[in-house]
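First comes the structure, then the notes that go with it.
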Amino acid sequence: MLDDASVGASAGAVQRRVPDDASAGASPYPVLPEQSVLTRARSRMDRALAAARDTPAGDIPVGAVVFGPDDEPVAAATNRRQADNDPTAHAEVLALRAAAKKLGRWRLEDCELVVTLEPCVMCAGAAVAARIGSIVFGAWEPKTGACGSYVDAVRAPGALYVPEVRGGVAEYESQRLIHSFFSDLRR
């Protein structure tokens, strides 16, 4: 039996009244939210992984997707440095540019950037400059990662804007794409 007065959100969980066998009264019982933050992050990462698989030959397979305030993908991109002969053509930068253009604004505070590899300093800086609401990434990048691995550009002291960051989502799948690319180069 559901008591309408008891349905509400508390820390993401819905409180529902469930009948208690011991008495005619009901006791509160927490029910998990319909979609947890990690489940949503994993689902979104699957889209970024799909984008990464479409990376042009010769470019490091990285995929980035910007999700809008309605939880729908706004823009997706892959690395295109080799294909475009452009040192700034990283997946994150291209996805942020496309999202800003599509939304008609540069401030993306109600959006989320999902990328298969931890953003470098340039990409982390672009995300902060775009005021992205949150960043979710797959594989950690100890040599160039700027969201906590090598440096922490997104949480620099004195920063005017700091997005939420979650790393290691679908880490194994993201790492496998990168390792496969570099293994093929060494052959």
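Every heavy atom of this structure was used, including side-chain atoms; hydrogens, water molecules and symmetry mates were not. This one's a predicted model, so the numbers in the text were calculated from it and none came from an experiment.
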Sub-4.5 Å side-chain heavy-atom contact between Val62 and Val115
yes
Do Ser183 and Ser180 pair up side chain to side chain, a donor and an acceptor below 3.5 Å, judged on atom types alone?
no
Can Glu118 and Ser149 be counted as having a side-chain donor-acceptor contact under 3.5 angstrom?
yes
Rounded to the nearest 0.5 angstrom, the OG1-CZ distance for Thr116 and Arg53 is 9.5 Å
Any salt bridge linking Glu112 with Arg40? Criterion: basic side-chain nitrogen under 4.0 Å from a carboxylate oxygen.
yes
Between Glu173 and Arg42, does any NZ, NE, NH1 or NH2 come within less than 4.0 Å of an OD or OE carboxylate oxygen?
yes
For the atom pair CG (Leu117) and NE2 (His90), what is the distance rounded to the nearest 0.5 Å?
10.0 Å
Measure the spacing between CD of Glu109 and CD1 of Ile132 and express it to the nearest 0.5 Å.
9.0 Å
Shared hydrophobic cluster for Val121 and Val128 (ILVMFWY, side-chain gaps under 4.5 Å)
no
Following the transitive rule for hydrophobic clusters with a side-chain heavy-atom cut-off under 4.5 Å over Ile, Leu, Val, Met, Phe, Trp and Tyr, establish whether Ile135 and Val74 coincide in one cluster.
yes
Distance check, rounded to the nearest 0.5 Å: Tyr161 atom OH versus Arg155 atom CZ?
13.0 Å
Got more than 12 heavy atoms from elsewhere within 6.0 Å of CD, Glu164?
no
Does any part of the side chain of Asn79, heavy atoms only, come nearer than 4.5 Å to the side chain of Pro61, both counted from C-beta?
no
Do the side chains of Asp110 and Arg131 get close enough for a salt bridge, i.e. N-O under 4.0 angstrom?
no
Evaluate the side-chain proximity of Trp106 to Leu96: yes if any heavy-atom separation is below 4.5 Å, no if none is.
no
Rounded to the nearest 0.5 angstrom, the CZ-CD1 distance for Phe181 and Ile60 is 5.5 Å
How does the hydrophobic cluster around Leu49 look, that is, which other residues are in it when side-chain heavy atoms under 4.5 Å mark a link?
Met45, Val65, Phe67, Val114, Val136, Val169, Leu177
Same apolar cluster: Val151 and Val154, side chain cutoff 4.5 Å
no
Can you tell me how far OG1 of Thr78 sits from CZ of Arg80, rounded to the nearest 0.5 angstrom?
6.0 Å
Any side-chain heavy atom of Cys147 within less than 4.5 Å of one from Phe137?
yes
Close side-chain approach of Cys111 and Leu103, heavy atoms under 4.5 Å
yes
